[in-house]
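What follows is a single structure, written as structure tokens, with notes after it.
If you're wondering where the values come from, they're calculated on a predicted model, not measured in any experiment. Proteins come first, then strands; the chains are lettered A, B, ... in the order of their sequence lines, and each starts at number 1.
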2 protein chains.
Amino acid sequence: MGKGEQTRQAILDEAFSLASCIGVGALSIGVLAERTHMSKSGLFAHFGSKEELQLAVLRESQMRFGEAVVRPALREPRGLPRLRAMLANWLDWTRAVNLPGGCVINAAAAEFDDQPGPLRDEVRKALIALRDTLGEAVARAVAEGHLRPDTDIEQLVFEITGIYQATQQSRRMLNDPDAGRRAIVAFERLVRDYAVPPEKE
Amino acid sequence: MGKGEQTRQAILDEAFSLASCIGVGALSIGVLAERTHMSKSGLFAHFGSKEELQLAVLRESQMRFGEAVVRPALREPRGLPRLRAMLANWLDWTRAVNLPGGCVINAAAAEFDDQPGPLRDEVRKALIALRDTLGEAVARAVAEGHLRPDTDIEQLVFEITGIYQATQQSRRMLNDPDAGRRAIVAFERLVRDYAVPPEKE
DNA sequence: GACTTTAACGAACGATCGTTCTATAACACG
DNA sequence: CGTGTTATAGAACGATCGTTCGTTAAAGTC
């Protein structure tokens, strides 16, 4: 890895954890230069524009998410165990990677939902990719017979994302120590509902 | 209402819908002055500091939430119908009031979760108040016999907030036209789970 | 080790930020 | 109507914003 790539990565590391705290939109080149002990112009040269830097942070976030959440879960047997592992990794990934201030993309989703442009597009892409991944895992669980054949996959994914967001808000804003447990309770109740055969009425 | 209060309210109206789009943290006095056809200093005098303006926006948001979501629901019979009405109002309140860019407080919760200070405190206050309100409604539903006596109220509230957040993200970022329906499906399954008597095992 | 490429710096740009001050205009009240 | 009060404007402040430019130092290549 050349010198360029090396410092670019170092900048991204710092930008990543900074964005986690203050949001991707509030990133500033001056502050970032100070934190990385560089000049503004020197740092700037690596990205060409602030927006490109922000996009790089979002892409970095996606990559780390894949490595910290999705990939380890693939070691679990397909179906429900894998889905369960994925959720567990997801709920805790902000601790695993250097994310002192919570998931960058989730925060960006709330920040840019009404500001068209490349940043919003990138966030959207990430959210769709995540939902696809979750959807695949759910579909596998159906195929394995862990969930009912008529399971509404999108609905299940929808509710799982809700569980994640509720957990993050409870933890981060309300300091609720039970958030993780509540998430698991919600999830298990969810899959139990979709696991039992439909009742005759 | 004196002239002062009048323009102050006009400023808040504009700040409110602007913050809805770009976030409370990104509010700028210059832009706001332009939008309200005032001078920066004239506008500034009404609040004394930018932070005070932001706090005022958050308080305004709480007030409108109460009037658009909670108060109308109180007309419904207590218990499940009231809870159901509250969720319905909640899911659509960003359309009812002038909130082109989604709930200000929910966005602020993601923005300030790692930035201590009066703004975070105010957001926290709002979230707690909301959870209390929801909790009360759930408790009423238990008292009315709509839900099981051993219902974990906090758990139910936790999951309802998740449904809300999933709905907003699906609507705003993914343009999912089914988000509202999915929210209702999730909610009804939730209350059905807590309504039936516990199974003997 | 000489040469080329590239990475980093420092200074400066215009724009905007939040804030302060002073002066003038509009209002409220007797 | 006149007078005291309050609301608004305008100019200016230092700070920071993102970005550009020319130059120097370092890294990569033969």
Side-chain angles (χ1 to χ4, degrees), chain A residues 1-16 18-19 21-60 104 108 111-112 115-122, chain B residues 1-16 18-19 21-60 104 108 111-112 115-122:
Chain A
M1 181 164 59
K3 182 80 168 33
E5 283 294 322
Q6 197 173 318
T7 53
R8 192 191 137 101
Q9 193 56 49
I11 296 170
L12 271 183
D13 280 359
E14 189 60 39
F16 184 61
L18 179 56
C21 289
I22 67 173
V24 196
L27 276 178
S28 117
I29 297 196
V31 173
L32 205 47
E34 206 173 331
R35 291 212 180 198
T36 51
H37 310 291
M38 290 184 65
S39 65
K40 283 203 315 179
S41 53
L43 189 148
F44 183 86
H46 281 273
F47 301 94
S49 77
K50 181 188 174 180
E51 192 172 63
E52 207 58 49
L53 163 67
Q54 294 173 308
L55 284 172
V57 169
L58 290 179
R59 296 198 193 99
E60 176 76 11
V104 174
E111 193 174 357
F112 295 116
Q115 298 174 263
L119 291 175
R120 197 195 114 110
D121 293 344
E122 188 67 32
Chain B
M1 180 165 60
K3 182 81 162 47
E5 284 294 323
Q6 196 173 319
T7 53
R8 193 190 135 101
Q9 193 56 47
I11 295 170
L12 270 183
D13 281 358
E14 189 61 39
F16 183 60
L18 179 56
C21 288
I22 66 173
V24 196
L27 275 178
S28 118
I29 298 198
V31 173
L32 205 47
E34 206 174 327
R35 290 213 181 199
T36 51
H37 309 289
M38 289 184 65
S39 66
K40 283 201 321 179
S41 54
L43 188 149
F44 183 86
H46 282 273
F47 300 94
S49 77
K50 181 188 173 180
E51 192 171 62
E52 208 57 50
L53 164 67
Q54 295 172 308
L55 284 171
V57 169
L58 290 178
R59 296 198 194 97
E60 176 77 12
V104 175
E111 193 173 357
F112 295 116
Q115 297 173 263
L119 291 176
R120 197 194 113 108
D121 293 344
E122 189 67 32

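- For the residue pair A/Q54 and A/E122, no side-chain donor N or O sits within less than 3.5 Å of a side-chain acceptor on the partner.
- In this structure, the side chain of B/K50 does not engage the main chain of B/F44 through any donor-acceptor pair within 3.5 Å.
- Along DNA chain D, read 5' to 3', the first and last nucleotides having any atom under 4.0 Å from a heavy atom of chain A are D/dC17 to D/dG28.
- Note that CZ of A/R120 is 11.5 Å distant from CZ of A/F112, once rounded to the nearest 0.5 Å.
- Taken residue by residue, residues 8-16 of chain A places no heavy atom nearer than 4.0 Å to DNA chain D.
- Evaluation of the side-chain contact (heavy atoms from CB on, under 4.5 Å) rule for A/I22 yields A/L18, A/A26, B/Q115 as partners, not counting sequence neighbours.
- Expressed to the nearest 0.5 Å, how far OG1 of B/T36 lies from CG of B/L43 amounts to 5.0 Å.
- Rounding to the nearest 0.5 angstrom, the gap separating the CD atom in A/E14 from the CE atom in A/M38 is 12.5 Å.
- For the pair A/F44 CZ and C/dA7 P, the computed distance is 15 Å after rounding to whole Å.
- Of the residues in residues 27-40 of chain B, those placing a heavy atom less than 4.0 Å from an atom of DNA chain C are B/L27, B/S28, B/I29, B/G30, B/V31, B/K40, in numerical order.
- By the salt bridge (charged side-chain N to carboxylate O under 4.0 Å, His left out) test, B/D13 is found to be paired with B/R64, residues two or more places apart in sequence or in another chain being considered.
- Side-chain atoms of B/T7 do not come within 3.5 Å of backbone N or O of B/A10 as any donor-acceptor pair.
- Rounded to the nearest 0.5 angstrom, A/I11 CD1 and A/Q6 CD are separated by 11.5 Å.
- Residue B/E5 contributes atom CD, which lies 12 Å from atom P of C/dA28 at whole-angstrom precision.
- Between the NE2 atom of A/H46 and the C1' atom of C/dT6 there is a distance of 10 Å, given to the nearest Å.
- Atom-to-atom, CD of A/Q6 to P of C/dA7 comes out at 12 Å; the value is rounded to the nearest Å.
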Handout entry: Watson-Crick and G-U pairing of DNA chain C written in dot-bracket, each distance under 3.5 angstrom, with | for inter-strand partners
Key = |.||||||||||||||||||||||.|||.|
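- Here C/dA26 presents its P atom at 10 Å from NZ of B/K3, a figure rounded to the nearest Å.
- Few gaps surround CD on A/E51; more than 12 heavy atoms of other groups in view lie less than 6.0 Å from it.
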